[in-house]
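Chain naming here is simple, since letters A, B, ... match the order of the sequence lines and numbering starts at 1 in each.
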2 protein chains.
Amino acid sequence: MDVSPDFDVQLGRDGVALTVRDRELLSAIDEAGSLNAAADSLGRSYAHAQRRVVELEDAFGSLVDRSRGGGGGGGSELTDRAQELLATFDRVRAEFAGVAEADETVLTGRVIDRDGELATVETAAGRVRAVTPPDCTAVAVTIRADAVTLNRPADAPEPGGTSARNRFEGQVLEVDHGETLARVTVGIDPELHLTALVTVESVERLGLDSRAAVVATFKATATRAVARTES
Amino acid sequence: MDVSPDFDVQLGRDGVALTVRDRELLSAIDEAGSLNAAADSLGRSYAHAQRRVVELEDAFGSLVDRSRGGGGGGGSELTDRAQELLATFDRVRAEFAGVAEADETVLTGRVIDRDGELATVETAAGRVRAVTPPDCTAVAVTIRADAVTLNRPADAPEPGGTSARNRFEGQVLEVDHGETLARVTVGIDPELHLTALVTVESVERLGLDSRAAVVATFKATATRAVARTES
DNA sequence: CTGCGTTGTGCCATAGACGATACAACGCCG
DNA sequence: CGGCGTTGTATCGTCTATGGCACAACGCAG
């Protein structure tokens, strides 16, 4: 189904959420040097922008040093705390964007063992360890392509020596070259393809031609299962 | 700064976004067997719920089989497509939730080489390969704890044999045991701590006691950089 | 044929977010 | 001392999402 995952990021605190809209406002204040000019450059009303800044400061602490009167009539600039908030916002947003874009492999299976948040899921392709919500046995397991590491069979880490709890042997079926990133489809099983996102450089270094043997590994903590309605 | 990242998931199509609110509505229809009872059980108005279903179907295709008249007055049930949409929604939401919860390590540095989306960033602790937006040199690199794999030094994969492009040697500084998951802080440098989220079982299997030597690896494609305002 | 509970539709009310406008307060500067 | 551009504040109007309500259409059960 061709739907596109999308998201809105927020940084919450004291029940107030700093949204992308607020991020734009603070950023504009930083550039314009005054709340008034910032609201104007964004095509927003000064009144609302001013109120919003006060609301945000109630929750997040001092964000904008404002002064009125004086040379040029006054002005405003961001505090260090506000700069830090903006940086955090951008980082979080980038992380979410990465997830929204990422290809993913979905396996269906059943929980055969559980230990707290972690479960072992029996799937058509074998057993997968994944973070799993409580009280469900029929699950769908999602494996993000950027979480899958590919290894040459000879150099693949011993299962006992790595924290990557999931390990599948397979062969390269297809390499979808991008400019610097490549999407590699690994056949684990006639029924199961696993997609990995790796650099083109890795493709060349590992010799990931079609039919090359590879070992795919991924961490249990990067793998999420969700309850599946039995149909 | 104690802010909590939060998010709203949506599945977009044809300019219409299926939100968490819509997910609740569809789910309630599935359980209640009628649009009327569903709206009622959610404390929402039937009129709006009905209109919303039509809006969604305009964009996503047939979602609810509705019939009026007949035994019991009629009723509604979800189509397979709707069930599939709900499952997709849950999977995406779980992925985002994982990101929102995850601890992360932030490194600041400068881009010293760039090849399309990928860049090499020079940081205090060494060079990191990360997905990087265009046109920026001062960046902050985010490494999610669930993307970091820990290896015993003896079993660590050869840099040439794995697609994990980032590799740091260090020693365990602290292990924060949870029930089944543990947050391991690895000292790479006096200045740099890297946090990894691994299973408790891995902690025991790898013997991750304090001061144990480990090799931390993570993929470039799972590492995001964002522009940083030079201060 | 009537009753009943459903879907479908239209119209109005309400609440929240936001813009528009007006005006006071401030403080340097000529 | 007055001008100027800023911040601060109040009030009103608009837009959008949503709830409330009324009523028609439907189709089986009795």
Salt bridge flag under 4.0 Å for residues [X] and [Y]:
{"X": "Asp103(A)", "Y": "Arg183(A)", "value": "yes"}
{"X": "Glu84(B)", "Y": "Arg81(B)", "value": "no"}
{"X": "Asp146(A)", "Y": "Lys219(B)", "value": "no"}
{"X": "Arg91(A)", "Y": "Glu104(B)", "value": "yes"}
{"X": "Arg44(A)", "Y": "Glu24(A)", "value": "yes"}
{"X": "Glu57(B)", "Y": "Arg66(B)", "value": "yes"}
{"X": "Glu122(A)", "Y": "Arg110(A)", "value": "no"}

With a 4.0 angstrom cut-off to heavy atoms of chain B, pull out the first and last contacting nucleotide of DNA chain C, in 5'-to-3' order.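 Result: dG5(C) to dC11(C).
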
Give, ordered by number, those residues of residues 69-77 of chain B having at least one heavy-atom distance below 4.0 Å to an atom of DNA chain D; if nothing qualifies, reply none.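 Output list: Gly69(B), Gly70(B), Gly71(B).
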
Who pairs with Ser76(A) by side-chain hydrogen bond (donor to acceptor under 3.5 Å, both in side chains), at least two apart in sequence or on another chain?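 None.
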
Heavy-atom count around [X] [atom1] within 6.0 Å, excluding the residue itself: above 12?
{"X": "Asp135(A)", "atom1": "CG", "value": "no"}
{"X": "Glu117(B)", "atom1": "CD", "value": "no"}
{"X": "Gln83(B)", "atom1": "CD", "value": "yes"}

Counting a pair only when it is Watson-Crick or G-U and both distances are under 3.5 Å, which runs of at least 3 such pairs involve DNA chain C?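 Listed by first number, the stems are C:1-30 with D:1-30.
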
For DNA chain C, find the residues of residues 28-54 of chain B with a heavy-atom distance under 4.0 Å and give them by number; none if there aren't any.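 Contacts with DNA chain C under 4.0 Å: Ser34(B), Leu35(B), Asn36(B), Tyr46(B), Ala47(B), Gln50(B), Arg51(B).
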
For DNA chain C, which residues of residues 18-27 of chain B approach it to below 4.0 angstrom with any heavy atom?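 Listed by number, there are none.
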
For a side-chain hydrogen bond (donor to acceptor under 3.5 Å, both in side chains) with Thr120(A), tell me which candidate from Arg129(A), Arg127(A), Arg114(A) qualifies.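 Checked Arg129(A), Arg127(A), Arg114(A) against Thr120(A); only one passes side-chain hydrogen bond (donor to acceptor under 3.5 Å, both in side chains): Arg129(A).
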
Phe96(A) and Phe96(B) aromatic ring geometry - parallel, tilted or perpendicular at 30°/60° bounds: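 Plane angle between 30° and 60°, so tilted.
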
Determine, stepwise, if the pair Arg13(B) / Asp2(A) fulfils salt bridge (charged side-chain N to carboxylate O under 4.0 Å, His left out). CA-CA 8 Å; Arg13(B) 171 157 170 152; Asp2(A) 48 347; 2.3 Å; yes

Aromatic ring centroids of Phe7(B) and Phe7(A) under 6.0 Å?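 No, ring centres 6.0 Å or more apart.
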
